[in-house]
Chemist: 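Sharing a structure, written as structure tokens. Questions coming.
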Amino acid sequence: MSRSKTHRVLPGFPLTLGYTLVYLSLVVLIPLSAVFLKSMSLSLEEFWAIISAPRVVSSYKISFGISLLAAAINAVFGLIFAWVLVRYHFPGKRIIDALVDLPFALPTAVAGIALTALYAGNGWLGQWLEPLGLKVAFTPLGILVALTFIGLPFVVRTVQPVLEDLEMELEEAAASLGADRGQTFWRVILPVLTPALLTGFALAFARAVGEYGSVIFIAGNVPMVSEITPLLIITKLEQYDYVGATAIAVVMLVFSFILLFLINGLQIWANRSRVRT
Amino acid sequence: MSIQVKNIVKRFGDFVALDDVTLDFPQGQLVGLLGPSGCGKTTLLRIIAGLEAADHGQVFLEGEDASKAHVRERQVGFVFQHYALFRHMTVFDNVAFGLRVKPRKQRPNAESIRRRVQELLELVQLDWLAARYPTQLSGGQRQRVALARALAVEPRVLLLDEPFGALDAKVRKELRRWLRQLHNTLHITSIFVTHDQEEALEVSDQVVLMNRGRVEQIGAPHEVYEQPTTPFVYSFLGAVNLFHGRVQDQQLQIGADHLPVGDSGFQPGAEALGFVRPHELDIDTNLADHTGIEARVERVLALGATARIELTGASGGTHRHYEVELPRERAAVLDLNPGQIVRLKPARMRLFAPDSPSAERILPEGSMTGIYGEGI
Amino acid sequence: MGAGVVSTWTIHARRFEANAATREPTWLKGVLITIALLFFGLFLLLPLATVFAEAFRKGWAVYFAALVEPDARSAMMLTLLVAAIAVPLNLVFGVTAAWAIAKFNFRGKQLLTTLIDLPFSVSPVIAGLIYVLIFGAQGWFGPWLIEHDVQIIFAVPGLVLATIFVTFPFVARELIPLMEAQGREEEEAAIVLGASGWKTFWYVTLPNIKWGLIYGVVLCNARAMGEFGAVSVVSGHIRGRTNTLPLHVEILYNEYQFAAAFAVASLLALLALLTLVLKSFVEWQGRRSMHHSQEASEVIS
């Protein structure tokens with residue numbers, strides 16, 4: 001047993017694994033553990049008092065609530081987007097396909113000021129929406145717009161390859177068995193897409209919760225109304241309240257870890273069902 | 001160069017891939033490692049190459065213990081199942097690779113590399129494809145490039161892992177013949193792994209049959225085919241009819257039927273398995289004779305020189321389906337019709353105890369009336 | 001560009017559109033395309049157009065003035081410097097990690113792969129915070145650093161560290177699945193033929209992962225140059241010293257110098273567009289080589 005583990009034909013295993021572990025520890029793991037260690041300087045009551053203060057709790061509601069909504073919007077529109085890109089032929093498709101990744105590539109600060117300018121009272125869209133009583137910039141609605149923008153590529157890019165791999169025979173079989181197009185979609189196509197769709201949803205959600213740059217410009221940042229949790233961490237830092245910032249960071253980190261493992265599980269599931277089909 | 005492996009053991013977790021395997025591969029022979037998937041044959045090949053390390057045991061190359069030697073030092077040529085051609089290199093560059101990566105002192109100059117590659121490509125009849133990329137070749141051509149690449153470094157042994165596994169039937173046949181001819185010209189000690197018995201029997205000088213990590217039988221192709229020593233080998237090499245019964249009064253009792261076995265060496269009342277190849281069974285339409293297995297004709301397929309008859313046991317046969325191969329003329333004489341009841345009579349049968357393959361008994365050929373067993 | 005690939009792309013859609021069993025009614029197809037185009041226009045095209053429209057609102061003169069102004073120029077240099085350090089480091093890490101994970105079996109491999117992805121699910125703000133906790137004045141090494149007059153937080157090293165953190169997984173996550181899919185056989189073949197480990201990597205592995213590597217580097221670079229949240233925590237916003245381009249945009253914006261802010265932003269938007277073009281090109285190359293091998297195997301069979 002032990003010999004088979006040490007004997008490897010390809011070279012470099014100890015070196016590359018060692019380097020990977022050292023680099024990972026130095027850059028990611030040890031720094032992240034600093035957050036937890038720092039938070040230990042607090043007693044449990046103090047910790048709880050910080051993370052359950054009304055302003056903090058309302059920031060969770062805003063961050064998590066709006067992120068969830070944005071991810072849901074992305075799931076629906078992302079699916080339509082992926083469908084249209086894979087199944088239909090129309091002019092400009094290639095350019096649209098390439099631009100789907102814009103939110104990945106565009107610096108968040110740029111997205112933030114662009115969306116703000118677009119939806120402000122004198123902006124291209126704002127000037128039409130505000131007379132209708134729909135104020136987007138500097139309201140929670142603005143946060144929703146920013147988070148939807150940020151999360152769009154996730155769903156499209158996870159669903160698209162699965163849809164491309166889907167065999168035509170599957171749908172032909174459904175049709176030959178008498179299913180109409182709607183039944184085929186709900187009963188045959190959607191179940192196959194579900195793991196990928198959920199993965200995309202979770203990825204978009206995770207990204208939205210932690211998002212900072214694109215939101216702060218458009219949010220208005222009014223405490224209790226449109227203040228997101230990451231901003232609250234920064235606010236505390238600027239007041240030199242390191243402990244307070246760390247406590248909130250712990251809450252967000254724990255949430256990120258849970259979501260990360262959930263996403264991992266989803267991806268394993270998605271890969272498995274892809275192999276099966 | 002000769003190859004020996006001694007007491008090789010290899011486990012993957014709980015799975016025993018090789019269970020104390022000791023083998024001798026003589027100089028200059030082409031040996032086929034044959035067995036079902038998961039029998040350990042590929043693992044053994046990789047251990048000989050040095051691509052895998054055994055948990056236990058040794059590998060000797062030309063009498064020298066090479067167990068500790070790195071793949072690079074063993075000077076083996078290895079042909080991978082899926083060719084493993086470098087897809088970003090041309091055919092020429094693929095074949096030249098082994099020469100070009102040699103340490104500067106041993107490296108031939110560009111001109112001799114070119115000549116050597118050219119020679120090898122001519123040998124595998126692919127010199128006209130030197131500038132192509134692997135993806136532009138057919139499966140059979142890729143396989144030959146892989147072989148030329150392995151030969152370029154003048155290996156002391158050639159190891160081929162399922163060399164024709166990924167090819168279609170027609171190309172397989174051609175390449176088989178070609179590999180045999182190539183071996184006849186080069187005489188390099190070669191081992192190839194296959195799960196295809198026809199391939200192993202047709203190409204090899206020696207066949208090693210493996211099952212569940214153990215060697216079942218070693219021998220020349222006709223030996224292992226004609227004289228299988230274990231039930232596994234019997235059923236792995238070609239179609240076989242099984243008769244499961246008890247030995248009683250020099251007969252194999254199968255339900256209401258019985259087959260004479262003579263002095264089988266089995267204890268009276270012992271369970272036994274009779275193995276008979278389809279061409280070793282005859283059909284008797286005369287039902288008055290009480291020896292033989294009663295069976296009903298299901299289908300008669302007359303193809304080429306032989307006729308294949310499929311039957312179902314009619315009375316006490318424990319294995320319900322039988323297959324008989326008869327010369328066309330014999331089938332014409334019998335004039336069988338589906339539904340007809342006949343008796344099956346083995347011209348030759350081998351008895352094995354069902355649980356211990358080592359306790360096999362071999363029955364030599366005998367006439368219908370005089371089937372007799374002979375203990376070995 | 002890529003006639004072969006475009007045609008397979010189009011063929012895929014056309015096959016489904018032409019087949020009665022897999023075709024939607026024309027009206028439905030129209031509605032779906034319209035929804036997608038509206039969504040595209042609203043969420044992707046309009047924000048992008050806004051950047052350039054706002055940038056040129058006050059004319060070319062103001063636009064160029066905003067770009068050549070010393071603070072903007074130093075922000076550009078700093079952004080390039082940070083990316084020039086962070087990207088190669090993560091490139092080396094990515095290749096190393098992918099080699100270990102994709103070419104060998106060991107316990108905890110799945111966990112390691114997950115941990116490498118970790119920075120993606122951590123808020124950028126926290127990515128900045130962790131380095132403040134370690135190297136800041138009140139952090140673990142704070143007193144020591146002050147004593148030895150070394151500044152990390154509110155200085156370039158802090159920016160580099162935060163950027164390395166947020167761009168950490170890009171190359172590795174691109175290469176791991178690619179190298180896993182390619183298997184070990186080609187490398188084993190090279191070793192059997194006598195190649196050393198280094199030659200095997202250089203002549204066999206690297207050419208095979210070339211496009212995946214470039215893809216990862218392009219994305220890594222885009223994020224490194226565009227990162228805002230993490231660097232904003234560790235930067236201290238010292239003009240001309242610790243401001244990267246995205247931070248410079250924020251400062252100008254908060255000072256109501258909108259035209260200037262958008263002018264600098266347009267530079268970053270151009271970088272994003274360049275990234276997308278490169279990304280499409282690399283994908284096309286990848287698809288093309290796949291397409292070639294498919295075509296070849298079709299000819300054979």
Chemist: Pick from Arg149(B), Lys102(B), Arg100(B): which one makes a side-chain contact (heavy atoms from CB on, under 4.5 Å) with Leu193(C)?
Modeler: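 Option passing the side-chain contact (heavy atoms from CB on, under 4.5 Å) with Leu193(C): Arg149(B).
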Chemist: Please indicate whether Lys29(C) has more than 12 foreign heavy atoms, meaning atoms of other residues, nucleotides or ligands, lying under 6.0 Å from its NZ.
Modeler: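 Check passes, neighbour count above 12.
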Chemist: Mark yes when over 12 heavy atoms from residues, nucleotides or ligands other than Arg212(B) sit less than 6.0 Å from its CZ; otherwise mark no.
Modeler: no
Chemist: Would you name the heavy atoms of Arg72(B) and Gly194(C) that are closest together and state the gap between them?
Modeler: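 Between these two residues, the closest heavy atoms are CD-O, 3.5 Å.
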Chemist: Does NZ belonging to Lys6(B) count more than 12 external heavy atoms closer than 6.0 Å?
Modeler: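 No - once you tally the heavy atoms of other residues, nucleotides and ligands closer than 6.0 Å, there are 12 at most.
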Chemist: Measuring heavy-atom distances to chain C, does Val76(B) have an atom under 4.5 Å in its side chain, in its backbone, in both, or in neither?
Modeler: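 Contact with chain C: backbone and side chain both.
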Chemist: Ignoring hydrogens and angles, tell me if any N or O in the side chain of His88(B) forms a donor-acceptor pair with the backbone of Thr205(C) under 3.5 Å.
Modeler: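 Side chain of His88(B) to backbone of Thr205(C), a donor-acceptor pair under 3.5 Å: no, none is there.
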Chemist: I'd like to know whether CD of Glu64(B) has more than 12 heavy-atom contacts from other residues, nucleotides or ligands below 6.0 angstrom.
Modeler: no
Chemist: As an exercise, state the distance from CZ of Phe97(B) to CD of Glu186(C), rounded to the nearest 0.5 Å.
Modeler: 10.0 Å
Chemist: So which part of Arg132(B) gets closer than 4.5 Å to some heavy atom of chain C, the side chain, the backbone, both or neither?
Modeler: neither
Chemist: Would you name the heavy atoms of Glu188(C) and Phe80(B) that are closest together and state the gap between them?
Modeler: OE1-CE2, 3.4 Å
Chemist: Using 0.5 Å steps for rounding, measure from the CD atom of Glu185(C) to the CG atom of Leu85(B).
Modeler: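 Glu185(C) CD to Leu85(B) CG: 10.0 Å, rounded to 0.5 Å.
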Chemist: Under 4.5 Å heavy-atom distance to chain C, tell me which part of Ala150(B) shows up: side chain, backbone, both or neither.
Modeler: backbone
Chemist: Is there a side-chain contact between Arg74(B) and Val192(C), using heavy atoms and a 4.5 Å cut-off?
Modeler: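 Side-chain contact under 4.5 Å: no.
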Chemist: Which heavy-atom pair separates Arg87(B) from Asn208(C) by the least distance, and what is that distance?
Modeler: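 Residues Arg87(B) and Asn208(C), closest heavy atoms: CG-OD1, 3.4 Å.
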Chemist: Against chain C, label Leu99(B) side chain, backbone, both or neither, depending on which of its atoms sit under 4.5 Å from a heavy atom there.
Modeler: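 Answer is neither: Leu99(B) stays 4.5 Å or more from chain C.
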Chemist: Please check if atom CZ in Phe104(C) has more than 12 non-hydrogen atoms from other residues, nucleotides or ligands closer than 6.0 Å.
Modeler: yes
